[in-house]
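What follows is one structure encoded as structure tokens, with my remarks underneath.
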2 protein chains.
Amino acid sequence: MKKKSDSAKWSETETQAWIGLVKAQQHLIDKVEEELKKAGYPQLSWYDVLWELESSKDGSLRLNDIGKKVILDKYNVTRLVQRLENEGLVSRSQCPVDGRGIFACITDKGRKLRRRMWQVYEKVVRENFLCKYNKKELHEFRNFIERIQASRLSDSA
Amino acid sequence: MKKKSDSAKWSETETQAWIGLVKAQQHLIDKVEEELKKAGYPQLSWYDVLWELESSKDGSLRLNDIGKKVILDKYNVTRLVQRLENEGLVSRSQCPVDGRGIFACITDKGRKLRRRMWQVYEKVVRENFLCKYNKKELHEFRNFIERIQASRLSDSA
DNA sequence: CTATAGTAGTTGCATTTGCAACTACTATAG
DNA sequence: CTATAGTAGTTGCAAATGCAACTACTATAG
């Protein structure tokens, strides 16, 4: 009557679901990156930050909050925002209420770039992912995915 | 009667499915990496290569084939295998039939490490992903994922 | 056989990331 | 107010990755 951690045995379905998930997502992301580069645009991570800024009130966020939204360590946020600033895509400013805080604010140039990158991004995702499912299926798919998220959110709570 | 690329508008479900997929997978991978590190083991990419070797005939593969299996550019394969060799986890040898080819062959030490890493890896995936679904759901999930893969395979054909 | 194109793998250089230590500020305890 | 702990952001150094140029070999064309 043993039952130690021979949990090590996975069924075919389990393996395929996990490996499939990893490989499929990697492939999709690689494809997006590839197309962005081909079009002469910067990395997806730049897009992510620009997008978060654009969807925020005032087009600005504190570096710390950017880090949470795009899941990036703080030192990487510092540097990414630095690069964005060098390209004139965002501007930085001190937080008036918290002396430690730094705001990044998207510029017009940043907004324009994001919009152009979106053309490429959205096309890849539509043609390689969204188009594979009809409305009902996509809904189910989203529900499946949400279950993983659920545990993530409660983790950080 | 216009209909240019204002494909740019996504439904809520589309957005959530895509963003959810990306974030969920990123979270899962981060979690695996975190636990591996916490346990004092190397990166997931090391595991991937060791696993591919171990599941191959003779425990060996050509660098080129490793690259295809784990989706890594050739220069990264060279270096990753170099690191694995430095740690005594694989050994390298010339391919007898193709003078350009190099084989990497997993060592006993490599097999042992992979097995130990698997303990950690499998636990994270089970507790954060697999456990969210029953048999039937997992099956459906896999089928959803496979559709993305389908296009990937035909790409490289 | 010779020339030419293609493939496998490596390497130098620049960029990006991870880690740990650091500064500067805020929050809490006394 | 002072001390102490915690948070936001930065930076130096090491490791990893991307890119392009390179070597060495194989495959094809003539």
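Residue numbers begin at 1 in each chain, while the letters A, B, ... track the order of the sequences. Only this structure's heavy atoms are used, side chains among them; waters, hydrogens and symmetry mates stay out.
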A/Val22: side chain to side chain contact (heavy atoms under 4.5 Å, CB included) partners, not counting sequence neighbours: A/Trp18, B/Gln25, B/Ile29
Donor-acceptor pair, side chain of B/Asp58 and main chain of B/Ser60, under 3.5 angstrom: no
Atom-pair distance (CG on B/Leu84; P on D/dA15), nearest Å: 16 Å
Whole angstrom value for the distance that separates C1' of C/dT16 from CG of A/Leu44: 15 Å
Residue list, side-chain hydrogen bond (donor to acceptor under 3.5 Å, both in side chains) with A/Asn86, at least two apart or on another chain: A/Gln82
Contact under 4.0 Å: A/Arg83 side-chain N or O vs C/dT15 OP1/OP2: no
Between D/dT23 (P) and B/Gln94 (CD): distance, integer Å: 18 Å
Carboxylate-amine/guanidinium contact B/Arg147 A/Glu137, below 4.0 Å: yes
Within residues 47-56 of chain B, residues whose heavy atoms come under 4.0 Å of DNA chain C: none
Heavy-atom check, side chain of B/Ile102 versus side chain of B/Gln94, under 4.5 Å: yes
Atom pair distance, as rounded to whole Å: CD in A/Glu33 and P in C/dT15: 17 Å
Sidechain-backbone polar pair: B/Glu87 side chain, B/Leu84 backbone, donor-acceptor under 3.5 Å: no
Stem segments of DNA chain C by first residue number [Watson-Crick or G-U, under 3.5 Å, at least 3]: C:1-30 with D:1-30
Nucleotide-resolved protein contact map, nucleotides 3-11 of chain D, B/S/- at heavy-atom distance under 4.0 Å: ---BBSBBB
Main-chain N/O of A/Leu89 paired to A/Thr107 side chain as donor or acceptor, under 3.5 Å: yes
Aromatic plane relationship, B/Tyr47 with B/Tyr121 - under 30° parallel, 30 to 60° tilted, over 60° perpendicular: perpendicular
Nearest-angstrom distance from the residue atom NZ of B/Lys37 to P of D/dA15: 14 Å
Nearest-Å distance for atom pair CD/P, residues A/Glu34 and D/dC19: 11 Å
Separation of C/dT15 P from A/Glu87 CD (nearest whole Å): 12 Å
Backbone N/O of A/Lys136 and side chain of A/Asn134: donor-acceptor pair under 3.5 Å: yes
Ring centers of B/Trp46, B/Trp51 separated by less than 6.0 Å: no
Partners passing side chain to side chain contact (heavy atoms under 4.5 Å, CB included) against A/Lys38 (at least two apart in sequence or in another chain): A/Glu34, A/Glu35
